[in-house]
2 protein chains.
Amino acid sequence: MFSKELLKGTLKTIILRLLDEQGKMYGYEISQFVKNMTDGKLELTEGALYPTLHKLESEGLLKTEKVFIGKRARKYYSLTPAGNKETISKIKEFQEFAAAMQMILFPKANLDGRIK
Amino acid sequence: MFSKELLKGTLKTIILRLLDEQGKMYGYEISQFVKNMTDGKLELTEGALYPTLHKLESEGLLKTEKVFIGKRARKYYSLTPAGNKETISKIKEFQEFAAAMQMILFPKANLDGRIK
DNA sequence: CAATTATACCTAAGAGTTTTAGGTATTCCA
DNA sequence: TGGAATACCTAAAACTCTTAGGTATAATTG
């Protein structure tokens with residue numbers, strides 16, 4: 001797995017986008033989903049994930065719903081209308097960032113029309 | 001300009017790649033270069049840039065050469081052989097990261113073959 | 001069936017990177 | 001001549017994430 005430094009700043013974007021796609025998810029599910037989807041290349045640590053979920057909720061971007069599976073609680077998160085808006089803006093932001101990085105890292109590719 | 005959160009972790013990669021491309025550059029030049037190349041979307045703050053240059057030098061990835069323009073000093077940085085290696089690895093790392101992010105943010109694009 | 005693994009939540013201290021907010025000095029230009 | 005641009009630098013604070021715990025239930029496996 002590559003250095004996690006790069007992950008910084010993308011956690012919120014990832015969470016918002018996944019909830020946008022999947023409708024609702026719980027914390028543990030999100031962490032497993034990302035791990036599986038990227039073949040273990042990208043792992044969200046719980047120490048970062050849970051506090052971020054709480055923060056997004058307190059900011060009004062997420063709402064929660066508690067579900068019990070037997071005696072074990074799951075906390076499902078889903079987007080609020082404000083969360084929907086924020087998702088769009090975060091994704092756009094990431095796209096612009098990625099484009100800027102490509103411009104810096106591969107300047108020639110942007111001149112002669114080569115893809116990648 | 002977009003939030004700088006995303007920039008975290010990419011500073012070293014940017015510096016190494018620019019020196020790889022341009023041969024040698026000085027700190028102020030790097031900051032202006034990035035700003036111009038990205039139409040101001042991406043700005044490296046000096047408070048982050050200079051300490052990072054010093055760190056890369058102390059790690060043996062960069063070497064310096066002082067040049068005086070009149071009485072004003074410029075400190076040119078360039079890659080050492082170790083810096084060359086590190087550049088390759090950092091770029092690869094970023095590419096993998098960007099690919100993983102695309103997979104998460106745009107899963108359908110990766111299934112039906114659409115580009116972007 | 002006891003022990004390990006997986007599920008599922010959480011927090012606090014510390015590490016690491018960047019921003020903010022300064023500082024110094026030279027050169028150019030209006 | 002005074003402000004903007006050039007060119008370097010640092011220290012404190014802010015912010016995000018990792019590390020390293022903690023609790024508890026359910027499933028698996030030897």
Side-chain angles (χ1 to χ4, degrees), chain A residues 1-16 18 24-36 40 42-59 62 64-77 90 93-94 97 101, chain B residues 1-16 18 24-36 40-59 61-62 64-77 90 93-94 97 101:
Chain A
M1 191 197 348
F2 49 76
S3 144
K4 288 168 181 168
E5 284 184 347
L6 293 168
L7 204 56
K8 287 187 184 181
T10 60
L11 186 50
K12 282 183 200 173
T13 307
I14 290 172
I15 291 171
L16 291 171
L18 287 184
K24 61 177 187 175
M25 297 178 91
Y26 53 99
Y28 186 77
E29 187 184 11
I30 292 173
S31 71
Q32 298 305 307
F33 189 92
V34 169
K35 188 157 81 174
N36 292 335
L42 225 148
E43 281 186 48
L44 312 185
T45 60
E46 300 193 338
L49 178 58
Y50 287 111
T52 300
L53 285 169
H54 301 161
K55 202 189 168 202
L56 290 172
E57 185 184 7
S58 80
E59 286 170 1
L62 302 184
T64 60
E65 178 197 351
K66 213 168 209 168
V67 174
F68 280 88
I69 308 295
K71 281 177 182 174
R72 195 158 52 187
R74 274 183 194 168
K75 216 163 139 188
Y76 277 98
Y77 289 87
K90 280 285 186 191
E93 190 175 285
F94 182 80
F97 167 72
M101 282 299 289
Chain B
M1 190 199 349
F2 50 77
S3 145
K4 288 170 186 171
E5 284 183 348
L6 293 170
L7 205 56
K8 289 186 185 182
T10 60
L11 186 49
K12 282 183 200 173
T13 307
I14 290 172
I15 292 172
L16 290 172
L18 287 184
K24 61 177 189 175
M25 297 178 90
Y26 52 99
Y28 187 76
E29 187 184 11
I30 292 174
S31 72
Q32 299 305 305
F33 189 91
V34 169
K35 187 157 82 175
N36 291 335
K41 277 176 203 142
L42 226 149
E43 281 187 48
L44 311 185
T45 59
E46 299 193 341
L49 179 58
Y50 287 112
T52 300
L53 285 170
H54 300 162
K55 203 189 168 202
L56 290 173
E57 186 184 5
S58 79
E59 286 170 1
L61 302 176
L62 303 184
T64 60
E65 177 196 352
K66 214 169 210 168
V67 174
F68 280 87
I69 308 296
K71 282 179 182 172
R72 194 157 54 189
R74 275 184 193 167
K75 215 163 140 188
Y76 277 98
Y77 290 86
K90 280 284 186 191
E93 189 176 285
F94 182 81
F97 168 72
M101 282 298 288

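In this text, all values refer to a predicted model and were calculated from it rather than measured experimentally. Lettering follows sequence order; numbering is per chain, from 1. Quick note: numbers below take in every heavy atom, side chains included, and nothing from hydrogens, waters or symmetry partners.
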### Task
For B:Glu93 and B:Lys90, run side-chain contact (heavy atoms from CB on, under 4.5 Å): C-alpha distance rounded to whole Å, both residues' side-chain angles, the deciding distance at 0.1 Å, then the answer.
CA-CA 5 Å; B:Glu93 189 176 285; B:Lys90 280 284 186 191; 4.1 Å; yes
### Query
Taking atom P of D:dC17 as reference, at what distance in whole Å does atom CG of A:Leu42 sit?
12 Å
### Query
Below 4.0 angstrom from OP1 or OP2 of D:dT18, is there any side-chain N or O of A:Thr45?
yes
### Task
Give, for atom OG1 of B:Thr52 and atom CD of B:Glu57, the distance between the pair rounded to the nearest 0.5 Å.
13.0 Å
### Message
Within the structure provided, determine whether B:Tyr77 and B:His54 are in side-chain contact (heavy-atom separation under 4.5 Å).
### Response
yes
### Footprint string (nucleotides 4-13 of chain D, 5' to 3'): B base within contact, S backbone only, - free, heavy atoms under 4.0 Å
-BBSBBB---
### Query
Rounded to whole angstrom units, what separation is found between the CG atom of A:Leu49 and the C1' atom of D:dT19?
16 Å
### Message
So B:Glu29 and B:Tyr76, do their side chains get closer than 4.5 Å, heavy atoms only?
### Response
yes
### Query
Using a cut-off of 4.0 Å on non-hydrogen atoms, how would the nucleic acid contact of B:Lys66 be classed: base, sugar-phosphate, or nothing?
nothing
### Approximate separation, where rounding is to 0.5 Å, of A:Ile30 CD1 and A:Glu46 CD
11.5 Å
### Query
Under 4.0 Å between a side-chain N or O of B:Lys55 and OP1 or OP2 of C:dT17?
yes
### Task
Return the value, rounded to whole Å, for the distance between atom CD of B:Glu43 and atom C1' of C:dT17.
18 Å
### Query
Quick one: are A:Ile15 and A:Met25 in side-chain contact, heavy atoms under 4.5 Å?
no
### Task
Calculate the interatomic distance between B:Leu11 atom CG and C:dG16 atom P; express it in whole Å.
17 Å
### Query
In whole angstroms, how far is the C1' atom of C:dT17 from the CG atom of B:Leu56?
13 Å
